[in-house]
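Lettering of chains follows the sequences in order, A, B, ..., and the numbering in each one begins at 1.
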There are 2 protein chains.
Amino acid sequence: MATKQSGAIGRPRGFDTDQALERAMLVFWELGYEGAGLATLTEAMGISTTSMYAAFGNKEELFRKALERYTEGPSAYLTRALEEPTAFGVATAILEGAVRATTGPTHPHGCMGVQAALAVGASGRGPRDLLIAWRNDGHFRVRERFQRAVDDGDLPPQADPDLLARYVATLTFGIAVQAASGVDRDELQAMADTALRVWPPA
Amino acid sequence: MATKQSGAIGRPRGFDTDQALERAMLVFWELGYEGAGLATLTEAMGISTTSMYAAFGNKEELFRKALERYTEGPSAYLTRALEEPTAFGVATAILEGAVRATTGPTHPHGCMGVQAALAVGASGRGPRDLLIAWRNDGHFRVRERFQRAVDDGDLPPQADPDLLARYVATLTFGIAVQAASGVDRDELQAMADTALRVWPPA
DNA sequence: CTAGTTCTGTATCGATCGATACAGAACTAG
DNA sequence: CTAGTTCTGTATCGATCGATACAGAACTAG
């Protein structure tokens, strides 16, 4: 990945890879994997299809890299949330992060990890399975954090970390679907506040 | 819609319209609007594209009719749930219905109304907007039912019907997303039971 | 300068997309 | 029987899909 390296051999790239990937991410986020055609993608990226293939491999690889960027960008709230000192703080930060990430004014509404490839034809199996793994990974990380909370005495000993993580994930994904339907930030945040009024729910 | 009518003029239809629509619904449910190509649809329906166009108009019309069938079939639990005598009963029935409808062994996992067209390209705008309206309609009906519960004294006077309906909808859609990811019925039902342990949450 | 390497732009590939033209089959009415 | 109507099967339409061939541009190394 040694781009822009001085002393590199050959004609230098005429565009900013990071910026192109950012724009591709936004297109996938808004239109989904199958809804985003190469023409739409490359136009948004400001490059030709040839340059896209040279830089990213193919459409599926581009999607993978866009998802990585999404994880480290708009979805980074999850990692930060897991560092909250209490399980309640973790749950609160996750839901608030989800509301903010799915209703922002500067990007598509909804969550790329939920809407980009929920149901797809044959050509989208790879990306769909990738997103399933992505969502499961989020669940696992939250569950581990809640297990630690039980071990620490922050959550009561009879609390079920898997169940609580499942509950938080359910709310998060539900928020994403509704954000994609146009439900606004305030209403979703109020809903999240209501849900968190009882913690832990079990 | 006068099919099978004795005395009808012209060559009679060589296939069962209801059965063909049922099969189309299952394909849309599993593959989404853009993921379901005409070739896949007509093969599953057991008819040629010509017959499909003659009977249903075009792909988008076929999708509309498939969604109606979904509403009256797999999604009919919502209408039944709204007839429960208490708001708690309504919420319980909705979540249980959602779990069952999205994890059944005889049909695709997930909810057709959530996954069929969350994110789409230009050709899927119609179906996507149709599904947004479909989801909103569900929310409105639940909200009205909860408003009645407040009026009846079943819910406390300070309860917010919109917020409670939003909460139930969030859980329902979250369940749908996770069912599509392969989370099994028992786990989702346990999660729903946990969430309902406190009612109303506000 | 030349040789070697990499990127870009144009032009186009075969495959699939949704959709339709058209001839013939299958029915009713008389 | 004939005339009129509707459905079916084949064959194919233009448009778009993701992807690539190829020539030339733009760089480094020597």
Enquirer: If only atom types and distance count, is the side chain of A:R185 paired as donor or acceptor with the main-chain N or O of A:R100 below 3.5 Å?
Expert: yes
Enquirer: If you check the A:A39 side chain, which of D:dC17, D:dT5, C:dC17 turns out closest?
Expert: D:dC17
Enquirer: So A:A122, base contact, sugar-phosphate only, or nothing? Heavy-atom distance under 4.0 Å.
Expert: nothing
Enquirer: Out of D:dC7, D:dA19, C:dT8, which has the shortest distance to the side chain of A:L38?
Expert: D:dA19
Enquirer: Is the phosphate of C:dC7 approached by A:S51 (side-chain N or O, under 4.0 Å from OP1 or OP2)?
Expert: no
Enquirer: In whole Å, I'd like the distance from the OH atom of B:Y53 to the P atom of D:dC7.
Expert: 17 Å
Enquirer: Could you state the atom-to-atom distance from CZ of B:F56 to P of D:dT8 in whole Å?
Expert: 11 Å
Enquirer: Tell me whether A:E43 at atom CD has more than 12 heavy atoms from other residues, nucleotides or ligands lying less than 6.0 Å away.
Expert: no
Enquirer: Please determine, for D:dG9, whether a Watson-Crick or G-U wobble partner exists with both distances under 3.5 Å, and give it or none.
Expert: C:dC22
Enquirer: Going by purine N1 to pyrimidine N3 plus the second Watson-Crick contact, or the G-U wobble pair, all under 3.5 Å, which nucleotide sits opposite D:dT16?
Expert: C:dA15
Enquirer: Which nucleotide in the list D:dT8, D:dA26, C:dG18 gets nearest to the side chain of A:P12?
Expert: D:dA26
Enquirer: Quick one: closest heavy-atom pair of A:T194 and B:L163, and the distance?
Expert: OG1-CD2, 3.1 Å
Enquirer: Can you say whether a donor on the side chain of B:S48 sits under 3.5 Å from an acceptor on the base of D:dT10, or the other way round?
Expert: no
Enquirer: For the ring pair A:F146 and A:W199, is the centre-to-centre distance below 6.0 Å?
Expert: yes
Enquirer: Does the Lys NZ or Arg CZ of B:K59 fall within the cation-pi geometry relative to B:Y33 - under 6.0 Å from the ring centre and within 45° of the axis?
Expert: yes
Enquirer: Between B:R11 and B:Y33, which is nearer to the 5' end of DNA chain C once each is assigned its nearest nucleotide?
Expert: B:Y33
Enquirer: Can you tell me how far P of C:dG18 sits from NZ of B:K59, to the nearest Å?
Expert: 4 Å
Enquirer: Hey, does the side-chain of B:T49 have a donor or acceptor N/O within less than 3.5 Å of a partner on the base of C:dT20?
Expert: yes
Enquirer: Heavy-atom nearest nucleotide on DNA chain C for B:M52 versus B:G10: which residue maps closer to 5'?
Expert: B:M52
